Amino acid sequence: PPGIGKTTLVATYLEARAIPCVWLQLDVGDADPATFVHFLRAATAPLTARRPLRLPPPSADDLRDVPAFMRRCFRRLTLGLDLPWVLVLDNVQELGAAPLLHAGIAAALAELPELARAIAISRDPPPPEYARMLAGQQLAVIDERSLRFTEDDTKHLLSLHDRAWHPADLREITDGWAAAMVLLLAARAELGPIDALRGGTARERLFAFFAGEVIGKM
């Protein structure tokens, strides 16, 4: 779900390990294979300056066999990037069903060399096109239960914000949801977590967060 910490988790993971990444922020227009490859080439440009990546636009024949076309693109991608590197596909849920593109991505991931990885950030579980990868344990799923804050996580977050709140209280009223914790921590310092939740400012911020998500979907 929104605000659970998906993007923050991936970004800090890559930063802590200093791993070069190609980060694609997806939207509904990227469901077209030709558009997807165009922006993939643009995203890789900073990492392939010495060896420019040549990903030609797809022909009519390519679009009749999208998985084969995507495999060829990823082979060229691996030739232009120094290992290790990570491809991040952010907001995959925005692509919708897009069976041709998902089949192409699933086929292309098989072309990644040993020290390359792909990470998909999504509000939805993997589409059916990735079933074989899941069955073969080539794709692992980190679900929302793993991303909800534990009491130790909450204690660390409180120390970063210099709050003397009891971790168990904050975790209980937010169910370990990162966005709610941060929004409550933005309330007045003299309030406890329960009073902050009842207070007008924190409630307004939470409402604004949900309203933004709902309006965005509409």
Side-chain angles (χ1 to χ4, degrees), residues 1-11 13-14 19-45 47-48 53-81 83-147 213 216-218:
I4 202 71
K6 303 180 295 295
T7 300
T8 302
L9 171 64
V10 175
Y13 173 85
L14 296 174
I19 304 175
C21 77
V22 176
W23 193 296
L24 275 181
Q25 187 83 19
L26 301 172
D27 58 40
V28 65
D30 298 318
D32 169 62
T35 303
F36 179 88
V37 169
H38 168 78
F39 285 111
L40 177 64
R41 177 174 52 197
T44 58
L47 299 182
T48 58
L53 180 63
R54 300 189 183 280
L55 295 178
S59 65
D61 288 337
D62 289 331
L63 295 179
R64 279 192 284 270
D65 190 353
V66 171
F69 166 63
M70 296 287 286
R71 278 198 300 270
R72 289 194 297 273
C73 289
F74 270 65
R75 284 178 196 146
R76 291 174 181 169
L77 174 65
T78 60
L79 292 175
L81 294 173
L83 294 167
W85 55 268
V86 172
L87 170 65
V88 179
L89 303 177
D90 197 359
N91 282 335
V92 175
Q93 78 280 347
E94 296 298 326
L95 297 176
L100 279 178
L101 179 59
H102 285 302
I105 294 173
L109 292 181
E111 301 295 328
L112 293 182
E114 186 175 350
L115 294 178
R117 295 286 183 271
I119 299 176
I121 302 174
S122 180
R123 298 181 185 179
D124 299 325
E129 289 76 18
Y130 301 91
R132 177 176 286 185
M133 296 193 71
L134 286 166
Q137 298 184 6
Q138 297 166 294
L139 178 65
V141 177
I142 300 174
D143 63 19
E144 70 159 298
R145 292 169 297 177
S146 304
L147 294 181
E213 291 299 324
K217 283 291 184 185
M218 293 173 63

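Only this structure's heavy atoms are used, side chains among them; waters, hydrogens and symmetry mates stay out. The structure presented is a predicted model; accordingly, all values stated were derived computationally and were not measured.
- Contact of the Pro125 side chain with the Val141 side chain is not registered, since no non-hydrogen atoms from C-beta on lie closer than 4.5 Å.
- Here CH2 of Trp85 is found 9.5 Å from CG of Leu47. Values are rounded to the nearest 0.5 Å.
- Between Leu109 and Leu139 the shortest side-chain heavy-atom distance does not fall below 4.5 Å.
- Taking CG of Leu83 as the reference point, atom CG of Leu112 lies at 10.0 Å (rounded to 0.5 Å).
- Shown here for Pro33 and Leu101, the closest heavy-atom pair between the two residues is CA-CD1, 4.1 Å.
- For the atom pair Phe36 CZ and Ile105 CD1, the distance stands at 4.0 Å (nearest 0.5 Å).
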Query raised in the report: Is there a side-chain contact (heavy atoms from CB on, under 4.5 Å) between Ile19 and Arg117 once you walk through the steps?
Result: CA-CA 10 Å; Ile19 304 175; Arg117 295 286 183 271; over 6 Å; no
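- The nearest pair of heavy atoms linking Pro20 to Pro84 is CD-O, 3.5 Å.
- For the pair Lys6 (side chain) and Ala120 (backbone), a donor-acceptor distance under 3.5 Å is absent.
- Between the side chain of Asp143 and the main chain of Ser146, a donor-acceptor pair closer than 3.5 Å is present.
- Considering only heavy atoms from C-beta on, Val92 stays 4.5 Å or farther from Asp124 through its side chain.
- In this structure the side chain of Val22 reaches within 4.5 angstrom of the side chain of Leu81, judged on heavy atoms.
- Contact annotation: the side chain of Asp65 never approaches that of Asp61 to less than 4.5 Å [non-hydrogen atoms, C-beta and beyond].
- Rounded to the nearest 0.5 Å, atoms CE (Met70) and CG (Leu40) are 7.5 Å apart.
- No side-chain heavy atom of Arg123 sits under 4.5 Å from any side-chain heavy atom of Ile4.
- Between Ala34 and Pro58, the shortest heavy-atom contact is CB-CG, 3.5 Å.
- For the pair Trp23/Ile121, a side-chain contact is recorded, criterion being any heavy-atom separation below 4.5 Å from C-beta on.
- Atom-to-atom distance recorded for Leu26:CG and Leu89:CG is 5.5 Å, nearest 0.5 angstrom.
- Note that OG1 of Thr7 and CD1 of Ile119 are 11.0 Å apart. Values are rounded to the nearest 0.5 Å.
- The two atoms that bring Ala106 and Met133 nearest to each other are O-SD, 3.8 Å, heavy atoms only.
- Although no hydrogens or angles enter the test, the distance criterion places no donor-acceptor pair under 3.5 Å between the side chain of Asn91 and the main chain of Glu94.
- Side-chain contact between Val86 and Tyr13: absent, with no pair of heavy atoms (C-beta onward) separated by less than 4.5 Å.
- For CD1 of Ile142, the number of neighbouring non-hydrogen atoms (other residues, nucleotides, ligands) closer than 6.0 Å is 12 at most.
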